[in-house]
J.: 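Take this structure, written in structure tokens, and hold onto it; I'll ask about it next.
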Amino acid sequence: MMAVPICAPVCAANSPAFHKIVEYLSPALADQLVPIEESSTSQGIAMQVEAIHLEGNEAEIIVSFRDAEGSTQNLVHGEMDLFDSYGLSDLTNDSWLGGCSFLTYDADEDKAYFEVAVQADNAYQSNKLQFSVRSLLCDKYHDTRDVDLSGIVYSAETKRVMLSGSGGPMTEDMLPDFLRDVSDTPEDPRSYANVLDMMSITECAADDFTLTGIAYMDGVLRVQVCMGNNRNTDRHVQLFLKDAEGNERHEDHSVSWHEDVGDTSFQIYEFWYLEDTDSIADYSMYGIFHSAGNLIEGDWNVTFRL
């Protein structure tokens, strides 16, 4: 069980700001959160560790960011992202697995709140903990765009790529054989897939989305989108396939990979729809395109004890 941290103000759990965080969490977790309220400032942005729940080798952390006092940059003004640059460490080990979700932006406090979950190999030691963040993505936005299906083809060349990710409600073992990941040898642990080869990567925009191919082959609708160069930003898209009655659905499975041109690394996704798309002319598609364009690299560190 966690002890109350000696560094935390006694009244923190009764503060309006703490209760505002709790509104975005399940009551079960909120009851276990220990207020911290320790901060660190870098690059004109103040990070505050608001609260933590620590149990064994797992930790759930509430953290906020705001423009530092006296800063005129207005960097914090809406949705943000930690860009997978965060971690929790103690005297014995560092976190090795984590997840982060944006909770809300509070305009009155000028604070963007996040919930961070991390896990380490061994149980965390509560006598000295350090939470750190190395980069932030600001200026996140999204817009809705129609995806033109009129250029669909029914036969196309494919190429074999090494995957950097895959997922969807239809797992790999549910896919037809020609869509399953393949490898050169049983000893090769890397995942591969055969994807559309309809546009050269050199024709893609590095700073925007590019639709690189749409095909309906072997009963599978394939939609391929290049996200541009994601090394210093984050672009992703949610696609919605709509039938004649207006029913919408996501892809059944998707794969992603990278292709490099000089110093530019393009990220490409291919979305697969396997069910009930026989009369493809009766369908339409739109996407919600998400982008974050302002990478801020800093050094935010908060050390505290439980």
J.: With a 4.5 Å limit on heavy-atom distance, are the side chains of Leu306 and Ile36 in contact?
T.: yes

J.: Any side-chain heavy atom of Glu259 within less than 4.5 Å of one from Gln267?
T.: no

J.: Assigning hydrophobic clusters by single linkage (Ile, Leu, Val, Met, Phe, Trp, Tyr; side-chain heavy-atom cutoff under 4.5 Å), is Ile268 placed with Leu196?
T.: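 Cluster IDs for Ile268 and Leu196 differ.
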
J.: Would you please say whether a donor-acceptor pair under 3.5 Å links the side chains of Glu109 and Tyr113?
T.: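 Tyr113 and Glu109 do have a side-chain donor-acceptor pair below 3.5 Å.
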
J.: Is there any salt bridge (Lys or Arg N to Asp or Glu O under 4.0 Å) pair reaching into residues 248-258, and which pairs are they, with sequence neighbours excluded?
T.: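 As it turns out, the salt bridge (Lys or Arg N to Asp or Glu O under 4.0 Å) pairs with a partner in residues 248-258, which skip direct neighbours, are Arg249-Asp252.
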
J.: Checking the side chain of Asp260 only, and the main-chain atoms of Gly262 only, is there a donor and an acceptor separated by less than 3.5 Å?
T.: no

J.: Does NZ in Lys159 sit with more than 12 non-hydrogen atoms of other residues, nucleotides or ligands closer than 6.0 Å?
T.: yes

J.: By the salt bridge (Lys or Arg N to Asp or Glu O under 4.0 Å) test, which pairs, at least two apart or in different chains, include something from residues 203-222?
T.: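 Only Arg145-Asp208, Arg222-Glu270 qualify under salt bridge (Lys or Arg N to Asp or Glu O under 4.0 Å).
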
J.: Hey, could you give me each pair passing side-chain hydrogen bond (donor to acceptor under 3.5 Å, both in side chains) that has a residue in residues 61-76? Not counting sequence neighbours.
T.: Glu50-Ser64

J.: If only atom types and distance count, is the side chain of Arg134 paired as donor or acceptor with the main-chain N or O of Gly87 below 3.5 Å?
T.: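 Absent.
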
J.: Classify the side-chain pair Asn93/Tyr124 by whether it contains a donor and acceptor separated by less than 3.5 Å.
T.: no

J.: Please walk me through it: do Val195 and Thr158 pass side-chain contact (heavy atoms from CB on, under 4.5 Å)?
T.: CA-CA 5 Å; Val195 299; Thr158 62; over 6 Å; no

J.: Using the rule that Ile, Leu, Val, Met, Phe, Trp and Tyr join whenever any side-chain heavy atoms are under 4.5 Å apart, tell me whether Leu163 and Leu179 fall into a single cluster.
T.: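 Yes; Leu179 is reachable from Leu163 via cluster members.
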
J.: In chain order, what residues pass the salt bridge (charged side-chain N to carboxylate O under 4.0 Å, His left out) check against Asp81, with sequence neighbours excluded?
T.: Lys140

J.: For Asp139, give me all partners under side-chain contact (heavy atoms from CB on, under 4.5 Å), at least two apart in sequence or on another chain.
T.: His77, Asn294

J.: Which heavy atom of Tyr105 sits nearest to which heavy atom of Ala112, and what is that distance?
T.: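 Smallest interatomic distance, heavy atoms only, reads CD1-N, 4.0 Å.
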
J.: Residues sharing Val225's hydrophobic cluster, by side-chain heavy-atom contacts under 4.5 Å among ILVMFWY, directly or via others?
T.: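 Besides Val225, the cluster holds Val147, Leu149, Ile152, Tyr154, Phe209, Leu211, Ile214, Tyr216, Leu221, Val223, Met227, Val237, Leu239, Leu241, Tyr269, Phe271, Tyr273, Ile280, Tyr283, Met285, Phe289.
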
J.: Taking atom types as modelled, is there a side-chain donor on Gln224 or Thr212 under 3.5 Å from an acceptor on the other?
T.: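 Note: Gln224 and Thr212 side chains meet the donor-acceptor criterion.
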
J.: Is it true that the side chains of Asp299 and Ser42 contain a donor and an acceptor less than 3.5 Å apart?
T.: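 No.
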
J.: Between CD of Glu38 and OG1 of Thr303, what distance do you get to the nearest 0.5 Å?
T.: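 Rounded to the nearest 0.5 Å, the CD-OG1 separation comes out at 9.0 Å.
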
J.: Indicate yes or no for a side-chain donor-acceptor contact from Asp90 to the backbone of Gln125 under 3.5 Å, with no hydrogens or angles considered.
T.: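 Answer holds: yes.
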
J.: Please name all residues satisfying ring-ring contact (aromatic ring centres under 6.0 Å, His included) with Phe178, sequence neighbours left out, ordered by chain then number.
T.: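 Here no residue qualifies.
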
J.: Can you tell me how far apart CD1 (Ile201) and OG1 (Thr264) are? Round to the nearest 0.5 Å.
T.: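 Interatomic distance, Ile201 CD1 to Thr264 OG1, rounded to 0.5 Å: 10.0 Å.
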
J.: Please check: side-chain N/O of Ser40 versus main-chain N/O of Asn301, any donor-acceptor pairing under 3.5 Å?
T.: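 Answer holds: yes.
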
J.: Which pair of non-hydrogen atoms, one from Met198 and one from Gly213, has the smallest distance, and what is that distance?
T.: SD-CA, 3.7 Å

J.: Can you tell me how far CD1 of Ile288 sits from CD of Gln238, rounded to the nearest 0.5 angstrom?
T.: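 Spacing of CD (Gln238) from CD1 (Ile288) equals 5.0 Å.
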
J.: Would you compute the distance between atom OG of Ser39 and atom CE of Met47 and round it to the nearest 0.5 angstrom?
T.: 8.5 Å

J.: Under the ring-ring contact (aromatic ring centres under 6.0 Å, His included) rule, collect the residues that match up with Trp272, sequence neighbours excluded.
T.: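 His253.
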
J.: With rounding to the nearest 0.5 Å, note down the distance linking NE2 in His258 to CZ in Arg231.
T.: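 Reported value, rounded in 0.5 Å steps: 8.5 Å.
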
J.: Using the rule given for side-chain contact (heavy atoms from CB on, under 4.5 Å), can you reason through Tyr86 versus Cys100, listing the C-alpha separation, both sets of side-chain angles and the distance that settles it, and then say yes or no?
T.: CA-CA 9 Å; Tyr86 51 86; Cys100 173; 3.6 Å; yes

J.: So, Ser200 side chain and Thr202 main chain: donor-acceptor pair closer than 3.5 Å or not?
T.: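 Yes, because the side chain of Ser200 sits within donor-acceptor range (under 3.5 Å) of the backbone of Thr202.
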
J.: I'd like to check the ring-ring contact (aromatic ring centres under 6.0 Å, His included) partners of His236; sequence neighbours left out, ordered by chain and number.
T.: His290

J.: Would Phe114 end up clustered with Leu129 when hydrophobic side chains under 4.5 Å apart are linked, directly or stepwise?
T.: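 Same cluster: Phe114 reaches Leu129 through Ile, Leu, Val, Met, Phe, Trp or Tyr contacts under 4.5 Å.
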
J.: Sequence neighbours excluded, which residues qualify as ring-ring contact (aromatic ring centres under 6.0 Å, His included) partners of Tyr141?
T.: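 Result, ring-ring contact (aromatic ring centres under 6.0 Å, His included) vs Tyr141: none returned.
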
J.: Are Phe240 and His250 near enough that their ring centres are under 6.0 Å apart?
T.: yes

J.: Are any of the side-chain heavy atoms of Ile52 and Ile61 separated by less than 4.5 Å?
T.: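 SC-SC contact between Ile52 and Ile61 confirmed.
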
J.: For the CZ atom of Phe304 and the OG atom of Ser126, what is their distance to the nearest 0.5 Å?
T.: 10.0 Å

J.: Measure the shortest side-chain to side-chain distance between Gln43 and Ile45 over non-hydrogen atoms and say whether it is less than 4.5 angstrom.
T.: no

J.: Does one hydrophobic cluster hold both Leu82 and Phe102, with members joined at side-chain heavy-atom distances below 4.5 Å?
T.: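 Result: yes, single cluster for both.
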
J.: How far apart are the closest heavy atoms of Pro176 and Leu274, and which atoms are they?
T.: CD-CD2, 3.3 Å

J.: Taking side chain as C-beta onward, heavy atoms only, is Asp146 less than 4.5 Å from Asp148?
T.: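 No. Closest side-chain heavy atoms not under 4.5 Å.
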
J.: Which residues pass the side-chain contact (heavy atoms from CB on, under 4.5 Å) test with Asn57, not counting sequence neighbours?
T.: Gln119

J.: Just jot down the side-chain contact (heavy atoms from CB on, under 4.5 Å) partners of Ser135, sequence neighbours excluded, or say none.
T.: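 By the side-chain contact (heavy atoms from CB on, under 4.5 Å) rule, Ser135 matches Phe83, Ser85, Leu295, Glu297.
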
